[in-house]
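In what follows, a structure is listed as structure tokens, so that the remarks can point back to it.
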Amino acid sequence: MIRQNNQHAIERDFRLVVDDCPVLQRFVHGKRLVYLDNAAMTQMPRPVMEAMQAFYTRFNANVHRGIHRLSEEATDAYEDARGKVARFLGAPQPESVIFTRNATESLNLVAYSWARENLQGGDEILLSVMEHHSNLVPWQQMADEAGAKLVYVGLTSHGMLDMDELAQKLTSRVKLVAITHMSNVLGAIVPVAEIVNLAHAVGAIVAVDGAQSAAHLPVNVAAMGADFFACSGYKMLGPTGIGVLYGRMELLEAMRPFNYGGSMIAHVELEKSTWAEVPQKFEGGTPNIGGAIGMAAAADYLARLGMQRVQAHDQKLLAYAFPRLQEIPGLTIYGPPPEQRGGIIAFTLKDIHPHDIATILDKEGVASRAGHHCAEPLHHYLGIPASARVSFYIYNREHDIDALVSALLVARKVFGA
Amino acid sequence: MIRQNNQHAIERDFRLVVDDCPVLQRFVHGKRLVYLDNAAMTQMPRPVMEAMQAFYTRFNANVHRGIHRLSEEATDAYEDARGKVARFLGAPQPESVIFTRNATESLNLVAYSWARENLQGGDEILLSVMEHHSNLVPWQQMADEAGAKLVYVGLTSHGMLDMDELAQKLTSRVKLVAITHMSNVLGAIVPVAEIVNLAHAVGAIVAVDGAQSAAHLPVNVAAMGADFFACSGYKMLGPTGIGVLYGRMELLEAMRPFNYGGSMIAHVELEKSTWAEVPQKFEGGTPNIGGAIGMAAAADYLARLGMQRVQAHDQKLLAYAFPRLQEIPGLTIYGPPPEQRGGIIAFTLKDIHPHDIATILDKEGVASRAGHHCAEPLHHYLGIPASARVSFYIYNREHDIDALVSALLVARKVFGA
Amino acid sequence: MPELSDIYSEVILEHNRHPRNRGRVESPTHESHCDNPTCGDTIDLSLRVKDGRIEDVKFLGEGCAISQASASIMTQMIKGMSVEDAETLEAEFRRMLLEENYQPDAAMLGDLIALQGVKKLHARVKCAVCAWHALDAALSGAATVSTEEK
Amino acid sequence: MPELSDIYSEVILEHNRHPRNRGRVESPTHESHCDNPTCGDTIDLSLRVKDGRIEDVKFLGEGCAISQASASIMTQMIKGMSVEDAETLEAEFRRMLLEENYQPDAAMLGDLIALQGVKKLHARVKCAVCAWHALDAALSGAATVSTEEK
Ligand SMILES: Cc1ncc(COP(=O)(O)O)c(C=O)c1O
Ligand SMILES: Cc1ncc(COP(=O)(O)O)c(C=O)c1O
């Protein structure tokens with residue numbers, strides 16, 4: 001009985017999220033907006049907006065350097081935001097959380113400040129064929145500069161990372177493993193904690209691309225043992241322009257800075273400078289104070305719902321969507337079964353190009369995405385030029401999937417299939 | 001008579017700005033807030049807030065890649081923002097405007113993508129002793145890596161850049177001139193167009209730090225002839241987390257990217273990638289869409305007031321402030337006379353440390369700043385450990401300066417001077 | 001806003017299902033490749049031009065209905081045309097898709113009018129012009145071109 | 001919020017105007033430098049410790065009234081103290097400034113109580129603790145320390 005009530009309470013909490021997000025009240029092309037492009041960007045609930053608004057309307061000031069009331073309040077709010085995000089990600093201390101622009105910059109920071117200094121000719125970087133370009137192109141560049149080699153791990157027939165292949169390729173030549181925690185195409189969840197164990201055993205460092213997982217799964221970077229973990233605010237209810245790099249303190253302390261200038265120095269003389277402590281060392285210039293406050297409010301919002309429940313909500317929608325989509329003739333879903341993924345489904349529909357699907361879905365009010373989703377190598381690997389993708393979040397419900405299925409049937413009809 | 005009316009209209013326009021900025025309605029320590037820390041951060045008027053709000057509440061979506069209504073609207077708004085900022089800065093085409101996090105990142109982009117590739121042992125970088133750390137530390141690093149040399153130009157006895165010394169030091173060994181357009185300490189305005197002419201004559205590239213000038217002076221990067229120009233949104237009524245690098249197209253096209261990942265590529269294969277066109281090539285990952293929209297709204301707001309009039313407003317306040325401050329016994333102002341500066345005044349007060357001044361001013365409701373203002377070498381050059389600084393903007397008025405003067409007299413009294 | 005049937009009209013769908021002039025012409029005088037990286041569309045165009053006249057033109061490629069139909073209709077229309085007329089047609093086609101409030105010359109455009117509905121789909125205009133980029137590139141002697149370029 | 005006179009009390013202003021124990025002790029057994037990069041405050045501390053007792057202590061340095069007064073009062077109080085007692089005093093002083101809602105031991109702190117008003121000025125706490133950082137560093141054998149460090 002108590003269980004039952006809890007279930008009701010949860011359902012109600014998730015139902016309220018819709019009301020919190022003004023965008024979701026919109027109509028497009030005369031139809032209620034069915035927003036299924038969450039892997040690209042999530043919608044912002046009012047409490048997040050209000051937290052940013054409070055900064056801009058009440059204590060808008062620069063941080064760290066000011067001896068006046070507003071600046072003190074801004075500094076407190078900014079450092080408080082760091083603490084909240086650290087707690088959300090399970091980081092052992094706030095200082096291990098660096099604010100960046102987005103996950104891409106977080107990974108580039110690791111590339112420029114760690115990899116460039118630590119990789120040598122003959123070293124290997126291990127990554128998977130399903131990496132997002134942002135967790136792939138930086139390593140191509142660093143490999144190129146250092147004369148290091150990229151080694152790719154493929155997928156099992158079930159669309160999961162091939163752990164046997166990974167174990168085999170993870171030799172002592174590997175200095176860095178760059179791996180996604182959750183694929184933005186296949187939805188596949190990767191056992192990063194296990195990979196960290198294997199990698200540390202051969203002395204390799206692990207950089208985890210958490211751009212999707214931070215939004216969809218309970219994350220604890222300390223428990224996972226990751227050396228680096230990257231994510232973005234706007235993928236988890238927050239604003240654009242703010243992301244995070246978590247790093248293990250020993251590594252961060254040993255690393256050279258990335259962006260040089262104000263706020264990241266201890267002393268500057270004409271010919272040389274010394275650096276501030278971590279995390280300031282990596283936050284050159286005035287930070288995105290408003291963005292950090294927004295991202296922290298988003299983390300709080302998610303923490304209140306509970307990331308276990310966020311994941312359960314994904315599971316519920318996947319379980320509902322899978323059989324219904326599979327019933328559509330000619331539809332192929334890529335990636336693992338529902339239980340092994342977060343709320344993302346990429347698919348193709350026979351004889352209809354994904355871009356045509358997306359245009360027709362849009363006309364029916366359904367926002368989806370088509371293309372290679374910044375994972376061109378994965379699409380080559382799957383042998384398809386592009387795919388259609390829908391992705392769920394906490395405000396989506398079963399009727400959104402019904403709308404998706406109807407729209408896909410319209411697409412088939414338009415194309416005479 | 002018509003002139004008179006215009007003058008009235010201008011006064012009224014500027015008076016309305018105060019009402020547009022919610023922070024300026026605040027009281028601190030029981031006193032009306034007198035906000036004179038504008039060189040660190042300006043206050044955001046409502047129309048800027050509303051432009052960002054519109055994005056987050058109406059068409060919050062990722063750009064460039066989406067085939068659905070929201071994403072199209074977001075893309076249009078983002079590129080429209082680029083166009084507005086380009087127009088505001090006098091950039092010949094929108095593509096020459098790259099969105100970054102802040103001026104610091106803009107200058108680091110030039111350092112990593114241009115200087116790192118183009119500087120060689122024995123080359124020289126010319127800069128001034130009044131540079132902000134953000135236009136100094138990146139060049140120290142690049143000089144260090146390339147074996148290049150930093151050459152500093154000093155100031156005249158009037159606190160202006162010493163143009164004779166500059167002309168003398170600007171030899172053909174100089175490959176890069178990194179110069180501020182307006183000092184964030186002295187307020188000194190630098191004749192950048194003249195410097196560009198001299199630099200181009202010896203084949204050097206000029207990177208202009210416009211963090212202050214974009215907010216205080218009419219800027220036209222094309223007329224100025226700058227190769228690069230860096231500025232930040234939050235210094236000109238916009239939000240934090242967004243800045244701009246303007247670059248000449250030929251240079252940008254020849255440069256290598258900075259942040260690698262999604263959105264900045266044309267094609268990605270497992271072993272190599274090709275780059276998107278400028279400006280996307282330099283905008284890896286999801287950009288700060290909300291921030292760009294906010295910065296463009298701020299540029300529009302300033303353009304409506306007119307940057308000539310913004311500068312005239314600074315002049316009016318400087319002319320009012322200078323004699324009143326100079327009357328205070330023991331007060332020393334650094335830098336040039338009012339006519340040669342923007343609305344910034346750094347000073348010291350005999351026997352009272354700048355930090356004590358700032359604390360006392362804060363208690364009196366006056367937000368100012370104390371320290372080296374990210375220009376430690378300049379303070380060494382001036383032979384002072386720190387200075388107090390007040391900086392004006394479009395919402396400040398004569399009574400704010402009166403409040404400042406009263407607060408400074410309180411400081412003298414407290415310290416028994 | 002156009003209706004679905006304005007975008008995916010019978011003409012478009014039919015050309016997509018049964019594209020004309022697929023393949024590579026014999027002894028081509030001009031060839032080019034166009035690439036739409038955002039969408040993954042590709043068009044390989046080959047032409048045989050003699051005495052200022054397009055004797056033959058064919059295309060290969062992959063992509064959405066809009067890109068493929070556009071290529072198919074284009075080849076059908078420009079085959080046998082003078083290079084000059086093909087360029088005039090191209091200009092008119094581009095104006096139809098890119099110029100605000102432009103009233104296109106329906107007589108000149110023929111079946112290409114079917115692509116007018118794409119105009120409002122900002123993200124899809126690139127698909128429609130890919131083949132025309134390739135034509136432009138081929139005639140001006142360039143080998144490859146991208147829809148990302150001006 | 002403290003009043004201005006709570007921060008800039010007579011005690012503070014007097015020590016700022018006439019700092020005690022300025023200079024460098026003869027034959028120091030311990031020396032250190034503390035740096036507050038955000039403010040530019042510096043403290044150079046020298047001590048002569050014998051048999052666990054601070055025989056002499058002096059400081060040089062530049063900075064705001066708070067940092068200089070704090071150093072002056074500190075040297076005055078710890079001169080002649082056992083190292084152990086000085087460390088106890090340091091702990092109490094830090095708790096007064098850093099621990100929320102802490103009721104400091106006024107008897108132990110003596111004139112240092114005058115610095116209590118700084119607690120609410122987040123940006124100025126560093127100024128008040130700079131000298132104490134230096135003391136800590138000197139006694140534990142470190143040569144330089146920064147207020148930016150934990
Ligand atoms: C798995 C994954 N990694 C990295 C990124 C890059 O994130 P951002 O664009 O915020 O840098 C994304 C999102 O686009 C993603 O889904
Ligand atoms: C002259 C000058 N240059 C550079 C900067 C750095 O700007 P940001 O902190 O936005 O990177 C500032 C502002 O702090 C400045 O005043």
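Per chain, numbering begins at 1; letters A, B, ... match sequence-line order.
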Between [atom1] of [X] and [atom2] of [Y], what distance do you get to the nearest 0.5 Å?
X        : Y        : atom1 : atom2 : result
A:Ser273 : B:Leu136 : OG    : CG    : 6.5 Å
B:Glu105 : A:Thr286 : CD    : OG1   : 12.5 Å
A:Asn259 : B:Leu107 : CG    : CG    : 10.0 Å
A:Phe99  : B:Arg101 : CZ    : CZ    : 12.0 Å
A:His267 : B:His380 : NE2   : NE2   : 8.0 Å
A:Ile357 : B:Ile67  : CD1   : CD1   : 10.0 Å

Leading residue by heavy atom contact count with chain A [cutoff under 4.5 Å; candidates B:Asp144, B:Val366, B:Leu70, B:Thr42] = B:Leu70
Quick one: of B:Thr100, B:Asp362, B:Val268, who has the most non-hydrogen atom pairs under 4.5 Å with chain A?
-> B:Val268
Considering residues, nucleotides and ligands other than B:Arg32, do more than 12 of their heavy atoms fall under 6.0 Å from its CZ?
-> yes
Might you confirm whether atom NZ of A:Lys149 has over 12 heavy atoms from other residues, nucleotides or ligands at distances under 6.0 Å?
-> no
Can you see which heavy atom on B:Gly262 is nearest to which on A:Cys374, and at what distance?
-> CA-SG, 4.0 Å
Could you go through the salt bridge (charged side-chain N to carboxylate O under 4.0 Å, His left out) check for B:Glu145 and A:Arg116 one step at a time?
-> CA-CA 13 Å; B:Glu145 284 192 29; A:Arg116 182 170 242 153; over 6 Å; no
Check each atom of [X] against the heavy atoms of chain B and say whether the ones under 4.5 Å are side chain, backbone, both or neither.
X       : result
A:Val23 : both
A:Leu33 : side chain
A:Tyr56 : both
A:Met44 : both

Assess the side chains of A:Thr240 and B:Asn288: does a donor N or O sit below 3.5 Å from an acceptor N or O?
-> yes
Short side-chain donor-acceptor distance under 3.5 Å, A:Ser134 and B:Tyr260 = no
Picking from [options], which has the most non-hydrogen pairs under 4.5 angstrom with chain B?
options                                : result
A:Gln53, A:Gln25, A:Glu131, A:Arg46    : A:Gln53
A:Trp139, A:Tyr381, A:Trp275           : A:Trp275
A:Leu270, A:Thr359, A:Asn135, A:Ile289 : A:Leu270
A:Gly291, A:Pro239, A:Ser232           : A:Pro239

Applying side-chain hydrogen bond (donor to acceptor under 3.5 Å, both in side chains) to B:Gln43 and not counting sequence neighbours gives A:Asn60
Set of side-chain hydrogen bond (donor to acceptor under 3.5 Å, both in side chains) partners for B:Asp37, sequence neighbours left out = A:His68, B:Arg369
Would a 4.5 Å heavy-atom cut-off, applied to side chains only, mark B:Arg256 and A:Gln141 as touching?
-> yes
Would you call [X] and [Y] a salt bridge, taking side-chain N to carboxylate O under 4.0 Å as the test?
X        : Y        : value
A:Arg69  : B:Glu364 : no
A:Lys272 : B:Glu376 : no
A:Arg26  : B:Glu73  : yes

Is a donor on one side and an acceptor on the other found under 3.5 Å between the side chain of A:Tyr112 and the backbone of B:Phe258?
-> yes
Please check if the distance between the ring centroids of A:Tyr234 and B:Phe55 is under 6.0 Å.
-> no
Under 4.5 Å from any heavy atom of chain A - which part of B:Tyr35 | side chain
